[in-house]
Student: 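Let me give you the structure first, and then I'll get to my questions.
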Amino acid sequence: MGRFPDSFLDELLARTDIVELIGRHVQLRRSGKNWVGLCPFHREKTPSFTVSQDKGLFYCFGCGKGGNAITFVMEYEGLAFPEAVERLAALAGIPVPRRERASEDRDYDAGLNLLRAAAERMHEWLLRSPQAKHARAYAKGRGLREDTLARWRLGYAPRDAAWPLASFGRDAKTVRLLTRTGLLREGAQGAFAMFRDRLVFPIRDRQGRIVGFGGRALADAQQPKYLNTPETPWFHKRRLLFGLYEHREGIRQAKRALVVEGYMDVIALHEAGVALAVAPLGTAFSREQAEVLWRTAPEIVLCMDGDAAGKRAAWRALEELLPALTAERSLRFAFLPEGEDPDSFVRREGVDAFLRLVEEAEEAFAFWLEGLRRVAGSGVDGRARQAKLADRMLSSMRDPYLREAWRQEAEHAIGLRLYEARAVETASADAEPASLGPAEEQFLAGLLQKPMRAQALPPEARDFFLDKPAVRALYTRLLALAHEGEEARLAERLLREFPQETRIAAWASGMEVDEEAFGEATRALARGVLLHRLRKASGNLMETLALRRRLEELSRANDLHHNKGERG
């Protein structure tokens with residue numbers, strides 16, 4: 001969708017009561033001007049999650065997540081920015097403007113309508129068509145009841161290669177859209193149906209819209225056994241997950257997602273009362289899919305076959321996901337008995353046995369150590385190979401704290417130092433942005449809370465945060481907006497422009513910074529700038545004298561404020 005106009009976003013946020021929005025998912029109670037509750041994004045027993053109604057912001061002092069109503073919907077529901085905006089607009093009853101890319105938007109919506117219509121047509125065929133008798137028999141043999149077929153909108157694609165044309169039309173525009181959505185393929189003999197004589201599983205995006213299909217062969221000779229919609233503007237295999245829309249709330253509440261291999265596994269677990277499973281779309285579980293899940297729950301459990309092939313697949317998954325692991329994101333591996341999948345295991349052993357298997361799943365670090373030994377071997381040479389492999393893999397981890405914890409444990413287990421991992425740790429620590437001191441935090445909070453303070457800042461303020469480029473960019477933008485008179489909901493505006501800086505919400509909605517505290521913080525920062533200039537001006541007498549006089553002025557101003565405080 002095109003970029004949303006700022007005026008529309010401002011109206012949307014102004015018409016969204018953030019307390020009402022968040023209160024649907026979090027039990028909030030009033031505490032002074034704000035509302036507090038248990039954070040929905042991490043486990044906690046004491047409330048550290050704060051919502052400011054007048055500022056339209058939330059912030060968790062425990063995990064650091066914060067933002068406005070759009071940010072909350074993105075984090076809580078795992079939606080991208082455009083999807084979150086559309087969700088809020090629907091709740092607020094505001095039409096979403098589509099000034100830009102209007103033609104593309106119309107095509108996109110037409111494709112969604114066509115995919116939905118195709119799903120309904122195939123669902124009706126599965127339930128009623130004489131041609132689908134063998135498909136119904138297969139579904140019944142797999143334990144799928146009619147209400148299950150209806151819940152998941154399973155369908156049947158006929159044998160006729162021209163069924164999409166016969167169903168929706170043969171004009172050029174329709175044929176083009178059928179091809180773009182993946183319902184038709186172009187061949188030497190002309191266009192033909194992608195799915196033929198298959199049990200069809202509709203695949204939804206995170207908003208519940210049908211964007212593609214997976215088709216299961218109904219005859220042993222039919223290959224491949226599973227066939228998916230190709231990459232289209234609607235269907236992106238590496239980002240979508242079968243079952244996520246249906247199980248998102250259960251995953252969020254359990255703070256755990258189960259990744260299984262097949263669509264039937266997802267449905268079988270759902271029917272057994274385990275509404276936590278998702279499945280990748282005919283490809284290996286990707287980092288993009290993991291990112292989507294981790295935005296919904298902190299723990300992912302990969303349910304794998306326990307044979308050698310399953311262990312190799314698990315190792316490849318670990319290599320793929322290692323860069324995205326953090327101290328707040330858990331990855332575990334549950335290995336099923338050889339030859340079993342979740343569907344067959346639950347039918348044979350029962351759902352309680354499956355849940356025990358999940359509870360006992362191996363943590364990523366333990367599996368990694370075991371894998372190092374399995375891949376690199378044992379003995380003196382094997383230990384050297386283990387260390388080299390560990391170094392290579394650890395260097396891909398982005399979380400410096402988790403990487404350091406794994407490095408220390410790996411060195412103890414292998415008995416050798418990991419030199420590259422140490423070098424990466426040092427380099428990443430140097431590359432990380434410097435943290436802010438108390439005066440800097442207080443200054444930014446005071447300025448965000450009352451942007452008109454920018455009008456009276458001292459001359460040195462133009463050089464604040466020069467040694468912190470990321471904060472400097474935010475500070476410069478804050479000053480520009482304040483001088484332009486953009487004070488209303490300024491924090492929300494900055495959050496849109498600097499989404500990575502979650503402290504904006506904390507500064508804007510935290511404890512109020514009064515004039516005296518703001519002045520003291522400002523003078524402390526100004527003094528830091530002057531001292532820095534003084535060190536650089538050691539050879540220039542006139543500049544040195546001027547800087548010393550200015551430092552004395554700031555010192556007298558501090559003394560004056562302190563004396564007033566004592567007399568008061």
Side-chain angles (χ1 to χ4, degrees), residues 42-45 62-64 255-259 284-287 290-291 293-294 297-336 356-435:
H42 79 289
R43 296 184 178 94
E44 64 176 9
K45 295 181 180 178
C63 67
K255 301 188 183 299
R256 171 186 290 168
L258 309 181
V259 178
F285 186 55
S286 72
R287 194 182 310 174
E291 293 281 359
L293 282 183
W294 272 319
E299 181 177 275
I300 295 174
V301 180
L302 295 182
C303 300
M304 317 289 288
D305 196 317
D307 62 9
K311 291 289 179 72
R312 286 195 297 271
W315 183 256
R316 288 193 298 271
L318 179 62
E319 287 186 302
E320 168 79 7
L321 301 181
L322 206 57
L325 277 181
T326 70
E328 294 75 32
R329 293 171 167 183
S330 171
L331 176 67
R332 296 166 66 201
F333 297 89
F335 292 103
L336 294 156
R356 281 196 300 273
L357 201 75
V358 169
E359 289 297 330
E360 295 165 3
E362 193 171 11
E363 292 185 355
F365 176 76
F367 176 71
W368 180 63
L369 277 185
E370 172 196 317
L372 289 175
R373 299 186 192 101
R374 187 175 59 251
V375 173
S378 56
V380 174
D381 293 346
R383 286 172 56 218
R385 289 192 295 270
Q386 287 178 42
K388 286 184 176 181
L389 180 56
D391 252 340
R392 178 181 65 78
M393 294 180 73
L394 285 176
S395 67
S396 73
M397 292 182 74
R398 293 198 301 260
D399 184 330
Y401 297 100
L402 188 65
R403 181 174 58 243
E404 175 65 6
W406 279 40
R407 180 191 65 75
Q408 291 182 13
E409 292 292 329
E411 286 185 340
H412 177 74
I414 298 170
L416 291 173
R417 295 187 68 183
L418 304 181
Y419 294 98
E420 288 182 27
R422 286 178 179 273
V424 169
E425 173 62 26
T426 304
S428 68
D430 293 341
E432 282 191 347
S435 60

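The model shown is predicted, which means the values in this text are computed figures rather than measured ones. The basis for the numbers below is simple: all heavy atoms, side chains too, and nothing from hydrogens, waters or symmetry mates.
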Student: For Arg329, give me all partners under salt bridge (Lys or Arg N to Asp or Glu O under 4.0 Å), at least two apart in sequence or on another chain.
Tutor: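 Glu291.
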Student: Just verifying a value: how many Å separate Trp406 CH2 and Leu325 CG, rounded to the nearest 0.5 Å?
Tutor: 5.5 Å
Student: Apply salt bridge (Lys or Arg N to Asp or Glu O under 4.0 Å) to Arg356 and list each qualifying residue two or more places apart in sequence or on a separate chain.
Tutor: none
Student: Going by an N to O cut-off under 4.0 Å, is there a salt bridge joining Glu359 and Arg332?
Tutor: no
Student: Measure the CG-CD1 distance between Leu293 and Ile300 for me, rounded to the nearest 0.5 Å.
Tutor: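 Those atoms lie 4.5 Å apart.
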Student: Write down the atom of Ala364, the atom of Phe333, and the distance for their closest heavy-atom approach.
Tutor: CA-CE1, 4.1 Å
Student: Using salt bridge (Lys or Arg N to Asp or Glu O under 4.0 Å) as the criterion, list what pairs up with Glu362, not counting sequence neighbours.
Tutor: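 So Glu362 forms no salt bridge (Lys or Arg N to Asp or Glu O under 4.0 Å) with any residue.
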Student: Atom CE of Met393 and atom CG of Leu418: how far apart are they, to the nearest 0.5 Å?
Tutor: 12.5 Å
Student: Could you grab the distance from atom CD1 of Ile414 to atom CG of Leu416, nearest 0.5 Å is fine?
Tutor: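 These two atoms lie 7.0 Å from each other.
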Student: Is there a donor-acceptor pair closer than 3.5 Å between any side-chain N or O of Glu299 and the backbone N or O of Leu331?
Tutor: no
Student: Under the side-chain contact (heavy atoms from CB on, under 4.5 Å) test, which residues partner Ala384, sequence neighbours left out?
Tutor: none
Student: Short question: side chain of Arg385, backbone of Gly377 - any donor-acceptor pair under 3.5 Å?
Tutor: no
Student: Which distance, rounded to the nearest 0.5 Å, do you find between the CE of Met304 and the NZ of Lys311?
Tutor: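 Nearest 0.5 Å value for the CE-NZ distance: 10.5 Å.
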Student: For residues 314-324, run the donor-acceptor check on the side chains, cut-off 3.5 Å, and write out each pair with its distance to 0.1 Å, sequence neighbours left out.
Tutor:
| residue | atom | partner | partner atom | Å |
| --- | --- | --- | --- | --- |
| Glu319 | OE2 | Arg392 | NH2 | 3.4 |
| Glu320 | OE2 | Arg238 | NH2 | 3.1 |
| Glu320 | OE2 | Arg287 | N | 3.0 |

Student: Please name all residues satisfying side-chain contact (heavy atoms from CB on, under 4.5 Å) with Arg373, sequence neighbours left out, ordered by chain then number.
Tutor: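 If we apply the side-chain contact (heavy atoms from CB on, under 4.5 Å) test to Arg373, skipping adjacent residues, the hits are Leu369, Gln386, Ala413.
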Student: With side chains defined as the heavy atoms from C-beta onward, is the minimum distance between Phe285 and Leu302 less than 4.5 Å?
Tutor: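 Yes. Closest side-chain heavy atoms under 4.5 Å.
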